[in-house]
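Working notes, beginning with the structure itself.
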Amino acid sequence: MQIERDRITEAGAVIAGWTRLWSQLLVVHVAGPDGRCRGCPSSAHAAPRSPCRLAELAVAAQSAHRTRSRGGGSA
C-alpha cells in the first residue's frame, strides 16, 4: 500500500536523528527461524511476519539519516 509506505517514510524522516532508537529497532526486530519478527512477541497472537512495521520504520529512518549525512536533506 503506497499510503502506508509514505507514512512510514515520513515517520522515518522524523526519527532519523534518533540514531540510538532506530539502531536498536534494527537489532531487535529481526526475523526468527519461522520468518516472524523476534521483537514483536505476543501471548495473544502470532508475531507479524518480518519485516514488521517497526523494522520498516527503522530502515526508513536509517535511509533518511544517511541522506541527511550526505547533505541530501534538510535537518
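Positions are given from 1, in the same order as the sequence printed here. Keep in mind that what you see is a predicted model, and the values were worked out from it rather than measured.
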- Message: Can you pull out every salt bridge (charged side-chain N to carboxylate O under 4.0 Å, His left out) where at least one residue sits in residues 27-53? Sequence neighbours excluded, please.
- Response: E4-R53, R53-E56
- Message: Would you say V59 ends up clustered with V28 if hydrophobic residues are merged whenever their side chains have heavy atoms under 4.5 Å apart, either directly or through other cluster members?
- Response: no
- Starting at CG of L26, measure out to OG1 of T19 and round the result to the nearest 0.5 Å. 11.0 Å
- Query: Can you name the side-chain contact (heavy atoms from CB on, under 4.5 Å) partners of A60, sequence neighbours left out?
  - Reply: I8
- For the student: nearest non-hydrogen atoms of A58 and L25, plus distance: CB-CB, 3.7 Å
- Query: Got a sec, which residues hit side-chain contact (heavy atoms from CB on, under 4.5 Å) with T9, two or more places apart in sequence or on another chain?
  - Reply: none
- What heavy-atom pair brings A16 and A61 nearest, and what distance separates the two atoms? CB-O, 3.7 Å
- Shared ILVMFWY cluster between L54 and L21, side chains joined below 4.5 angstrom? yes
- Query: Taking only residues at least two apart or on different chains, which pairs with a member in residues 16-68 satisfy ring pair (Phe, Tyr, Trp, His ring centres under 6.0 Å)?
  - Reply: W22-H65
- Message: Show me the pairs that pass salt bridge (charged side-chain N to carboxylate O under 4.0 Å, His left out) and involve residues 9-23, at least two apart or across chains.
- Response: none
- Message: Distance check, rounded to the nearest 0.5 Å: L57 atom CG versus Q62 atom CD?
- Response: 11.5 Å
- Minimum heavy-atom distance between A47 and C40, given as atom pair plus value: CB-O, 3.1 Å
